[in-house]
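Everything below concerns the one structure shown next.
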2 protein chains.
Amino acid sequence: MSPAHARDPRGSDSVRSQRIAGILRDEILAGDLTPGTWLRQDELAARLGASRIPVREALRILESEGLTESFPNRGARVPVLSLEDVNTYYRMRERLEPLTLTESLSRLTDQHLARLERIQDEIENQSDINRFLLLDRDFHMTSYSACPSGHLLAMTERLWNSTQHYRRAFMVLADPDRATIVNAEHRLILDAVRRRDPEDCERYLTGHIRRTRVELTAHPELFVDSDDASGRPAVS
Amino acid sequence: MSPAHARDPRGSDSVRSQRIAGILRDEILAGDLTPGTWLRQDELAARLGASRIPVREALRILESEGLTESFPNRGARVPVLSLEDVNTYYRMRERLEPLTLTESLSRLTDQHLARLERIQDEIENQSDINRFLLLDRDFHMTSYSACPSGHLLAMTERLWNSTQHYRRAFMVLADPDRATIVNAEHRLILDAVRRRDPEDCERYLTGHIRRTRVELTAHPELFVDSDDASGRPAVS
DNA sequence: TGCCACAGGATTGGATCCAATAACAAGACT
DNA sequence: AGTCTTGTTATTGGATCCAATCCTGTGGCA
């Protein structure tokens with residue numbers, strides 16, 4: 001879990017602040033902590049059985065991953081993204097992830113390919129939204145997993161994490177037969193990966209991300225009025 | 001300075017940890033703190049007149065910008081990048097910065113254009129390396145400065161900062177008449193910006209970054225053996 | 001009624017002290 | 001000789017306390 005952020009090559013999160021960061025990260029990605037939620041140091045310290053110091057460290061770690069944002073003397077919260085923010089994140093993904101995939105492509109083993117196939121099979125044989133979110137992420141991350149650059153991988157993961165909540169919100173109101181399109185795209189990507197064809201990989205992956213962006217940003221109701229993204233209460 | 005990281009919309013770094021982070025950031029970018037340098041909390045606290053707490057916060061902030069890396073129970077240091085690391089960073093730049101420029105393009109004012117022209121004029125009329133590094137950065141950042149997405153700008157700035165040291169190291173041994181090529185590229189970018197032509201902007205900017213990458217990575221002597229990038233002493 | 005000043009509470013930022021961990025060196029045992 | 005063990009020291013991680021800042025609500029005043 002979160003391999004790109006493991007600062008401890010050998011051990012793990014034997015350090016308190018990293019354990020806390022891990023817990024909060026999971027809660028944010030799972031949707032338990034939604035955008036706009038303020039993360040109070042006292043409350044987190046009490047809930048997680050530690051003092052405020054490791055909590056502060058954890059909030060900084062999460063901030064570096066784009067999962068929280070902090071304001072001096074005012075605290076930290078899960079960022080509220082506007083439609084434009086998400087649009088930009090996706091455009092960044094359209095540029096970056098094809099590179100990640102290309103870098104990974106030549107190093108993918110047969111085990112990786114088998115795993116991709118298995119994941120995609122499961123995606124097509126279930127209909128739970130949260131399960132889909134996990135599997136979809138797993139599909140793409142597996143395809144990137146042989147990328148030799150930790151920096152590039154971390155960046156890719158960060159872009160995924162930052163937009164996770166809005167992907168989930170989108171899924172609950174998405175056209176049910178959108179799944180057909182997603183599966184077709186995944187199959188094309190998988191085939192291109194199997195053929196080790198970087199050009200087709202980039203083509204279909206870019207298309208996949210782009211189409212998702214277009215559909216996602218066609219639903220402005222998923223986003224708040226860009227006013228209160230300031231962190232300051234609206235002036236009513 | 002460092003507008004993308006200003007967490008305080010109104011104020012500034014009235015907070016100690018941010019002042020410290022700012023100082024260290026400047027020292028790293030100026031080349032005073034070179035890759036591999038360990039940043040001891042005690043020493044920094046004494047030198048900057050604060051306790052270790054804001055120093056720890058500052059190191060986290062810098063880590064989130066890619067300017068330092070920290071290891072549990074072992075401390076923080078300026079990252080040592082391998083040739084492959086820098087290569088990857090540049091490839092990321094080739095993908096991302098054309099997007100940043102395109103997003104900025106339509107919002108650039110005549111003042112921005114005049115400023116770009118002024119910067120490029122000065123680049124062509126001086127030969128100091130450190131001055132060039134500043135002006136070159138200023139040229140590109142100005143061309144991006146109208147980008148409405150803070151996230152995209154921050155990412156772009158981060159990629160620049162992370163590779164700053166190696167750009168400087170490269171400059172000192174670069175072919176003197178390399179300047180001719182850089183200037184030609186800058187002029188083409190500037191012209192495309194003036195014509196508000198996103199396609200040419202992306203073409204020439206991508207080429208500019210790519211050519212720099214190819215030349216830079218043709219000098220493996222700028223990089224350490226990728227062994228001791230681990231942060232752990234070599235096994236002799 | 002509307003607005004500004006001010007005080008009280010809540011929350012974060014920083015300092016100091018103590019605990020835990022890791023690098024280092026010296027010594028014992030095979 | 002080499003390796004494993006064991007103290008020692010340097011350095012980071014965490015807890016507690018205090019200071020500084022911000023938000024809120026209340027009261028005075030035009």
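Naming convention: chains lettered A, B, ... in sequence-line order (proteins, then strands); numbering from 1 in each chain. Everything quoted here is computed from the prediction, not taken from an experiment.
- Among residues two or more places apart in sequence or in another chain, the salt bridge (Lys or Arg N to Asp or Glu O under 4.0 Å) test is passed with B/Arg95 by A/Glu202.
- For B/Ser104, the side chain to side chain contact (heavy atoms under 4.5 Å, CB included) criterion is met by B/Leu108, B/Ala146, B/Cys147, not counting sequence neighbours.
- Sorted by first and then second residue, the salt bridge (charged side-chain N to carboxylate O under 4.0 Å, His left out) pairs involving residues 29-41 of chain B (not counting sequence neighbours) form an empty list.
- With sequence neighbours excluded, the residues that form a side chain to side chain contact (heavy atoms under 4.5 Å, CB included) with A/Arg118 are A/Arg115.
- The ring-ring contact (aromatic ring centres under 6.0 Å, His included) check on B/Tyr144 picks up nothing, with sequence neighbours excluded.
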Output one letter per nucleotide in nucleotides 9-20 of chain C: B when a protein non-hydrogen atom lies under 4.0 Å from the base, S when only the sugar-phosphate is that close, - when neither is.
--SBBBBB----
